[in-house]
Amino acid sequence: MSYYASDLLTGRVALITGAGTGLGRRMAERMAGVGARIALVGRRADKLGEVARAIEAAGGAAAAFPADVRDVAQVQAAVDGVVARFGRLDILVNNAAGNFLCPAEKLSPNGWNAVINIVLNGTFFFSRAAFPHLAKDGGSILNILAAYAWLAGPGTVHSASAKAGVLAMTRALAVEWAPHRIRVNAISPGPIHTEGTDKNLWSAAPDLEARIIRQVPLRRLGTADEVADAALFLSSDLARWITGQVLPVDGGHWLGNGVYDWNPARGTAAT
Ligand code: HXC
């Protein structure tokens with residue numbers, strides 16, 4: 001099902017990092033489905049090739065540009081390759097992330113650096129390299145956050161610090177690059193089902209998924225499609241007067257259920 005006109009992004013070129021799996025793949029497929037030509041960036045050429053073939057089989061246009069977002073030279077080469085191939089660049093989605101839960105006092109400097117380099121530095125490197133192309137015709141940058149960028153979460157000091165930096169970057173670049181007609185926004189996805197989260201997260205404890213669902217006012221996990229729909233909106237002209245904003249797509253998760261976890265419409269606590 002599509003809620004958007006099939007030509008919403010026709011003529012646009014979208015570069016998506018971390019596009020080989022999960023949310024990145026879904027955003028790539030959805031943007032291709034409404035006319036964008038897609039540049040798929042990630043470390044694993046085989047995964048990117050799979051996504052490119054799926055998009056082309058569905059009638060879209062996509063090409064793979066393998067790169068590690070931590071490596072400035074690879075980032076520049078990917079952006080140059082996209083522009084050589086497609087002639088332009090209109091939309092950048094900084095989706096690549098690295099994450100694992102680890103107590104702060106046990107986190108090694110390398111572990112800290114790995115996550116900061118992927119999430120914070122990778123987002124800046126790609127934004128910087130994309131700038132001259134996005135500035136040509138007005139463009140859009142979309143960053144992917146997590147609510148612990150402004151809340152808190154044990155075991156996430158590296159990722160939370162990196163995402164908080166990306167939140168600041170979203171606002172700083174929105175203002176700085178507005179004269180170039182580049183909009184910069186972010187999405188903060190809540191708990192969703194993807195192949196990765198099903199394998200690595202929801203299976204970690206037998207009742208974990210049920211417990212999380214009770215924390216979500218809309219009482220279910222989300223889907224990658226629901227995040228991709230919001231990404232389409234913010235990356236398109238439908239959001240042409242929106243910049244520097246963060247849109248949580250999370251069923252109300254970050255707001256919680258209220259201090260007493262009691263809701264007259266539900267009758268009892270935590271049902
Ligand atoms: C403690 C760990 C660790 C773990 C890695 N490290 N995993 N420390 N617990 N589970 C440490 C290593 O020991 C090493 O430090 C350092 O991190 C670098 O590890 P490498 O494996 O050498 O790094 P690399 O191959 O570059 O991998 C980067 C990575 C990896 C971040 C560690 O997980 C990765 O590439 N992930 C990409 C995919 C991903 O994570 N996606 C999740 C995004 S989801 P030492 O000191 O030993 O050398 C997301 C939202 C989730 O972000 C929301 C959850 C609520």
Side-chain angles (χ1 to χ4, degrees), residues 16-28 40-48 51 66-72 74-75 93-123 125-126 142-167 170 186-205 207-216 221-224 226-228 230-231 246 248-254 256:
I16 300 170
T17 68
T21 54
L23 268 185
R25 174 174 183 159
R26 202 63 208 112
M27 289 190 283
L40 305 157
V41 171
R43 278 180 295 177
R44 286 148 65 190
D46 56 328
K47 288 277 173 198
L48 300 178
V51 180
D68 187 328
V69 302
R70 295 171 280 195
D71 184 313
V72 184
Q74 289 185 32
V75 168
V93 182
N94 286 307
N95 166 72
N99 207 354
F100 49 83
L101 289 172
C102 184
E105 70 279 12
K106 298 208 166 98
L107 181 63
S108 74
N110 266 349
W112 168 268
N113 283 337
V115 171
I116 296 289
N117 283 337
I118 295 169
V119 175
L120 183 59
N121 293 348
T123 298
F125 294 161
F126 257 104
L142 184 68
N143 297 325
I144 307 300
L145 295 179
Y148 52 68
W150 62 91
L151 296 171
T156 66
V157 68
H158 43 344
S159 177
S161 302
K163 298 274 189 193
V166 175
L167 172 59
T170 301
I187 283 177
S188 171
I192 62 169
H193 279 298
T194 64
E195 210 178 294
T197 57
D198 287 349
K199 193 169 99 208
N200 301 322
L201 196 55
W202 309 124
S203 59
D207 62 338
L208 182 59
E209 184 174 333
R211 274 194 284 133
I212 299 285
I213 286 173
R214 281 198 297 276
Q215 295 169 3
V216 179
L221 298 191
T223 66
E226 288 164 338
V227 177
V246 181
V249 182
D250 69 348
H253 186 214
W254 88 269

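Remember, it's 1-based here, ligands and their atoms both numbered in the order they're listed. What you see is a predicted model; the values in this text were computed from it and never measured.
Considering backbone and side-chain N/O atoms, Asn99 comes within less than 3.5 Å of an N/O atom of ligand 1. Between Ser108 and ligand 1, an N or O atom pair is found at a separation short of 3.5 Å.
Of the protein's non-hydrogen atoms, the one nearest atom 48 (O) of ligand 1 is Asn110 ND2, 2.9 Å. For atom 55 (C) of ligand 1, the closest non-hydrogen atom on the protein side is Leu201 CD2, 4.3 Å. Here the heavy atom of the protein found nearest to atom 18 (C) of ligand 1 is Ala114 CB, 3.9 Å. Looking from atom 41 (N) of ligand 1 to the surrounding protein, the closest heavy atom is Ala97 O, 3.5 Å. Remark: minimum distance from atom 1 (C) of ligand 1 to any protein heavy atom is reached at Phe100 CE1, 3.5 Å.
The side chain of Cys102, and not its backbone, has at least one atom closer than 4.0 Å to an atom of ligand 1 (non-hydrogen atoms only; side chain from C-beta on). Residue contacts with ligand 1, taken as heavy atom pairs separated by less than 4.0 Å, involve Arg43 solely via side-chain atoms from C-beta onward.
Taking CG from Leu201 and OG1 from Thr194, the interatomic distance works out to 8.5 Å, rounded to the nearest 0.5 Å. To the nearest 0.5 Å, atom CG of residue Asn99 and atom NE2 of residue His158 are 5.5 Å apart. For the atom pair CG of Asn95 and CZ of Arg26, the computed distance is 13.5 Å after rounding to the nearest 0.5 Å.
Proximity of atom 30 (C) of ligand 1 to the protein is not indicated, since no non-hydrogen protein atom lies closer than 4.0 angstrom.
Under the 4.0 angstrom criterion for non-hydrogen atoms, Lys106 is not in contact with ligand 1.
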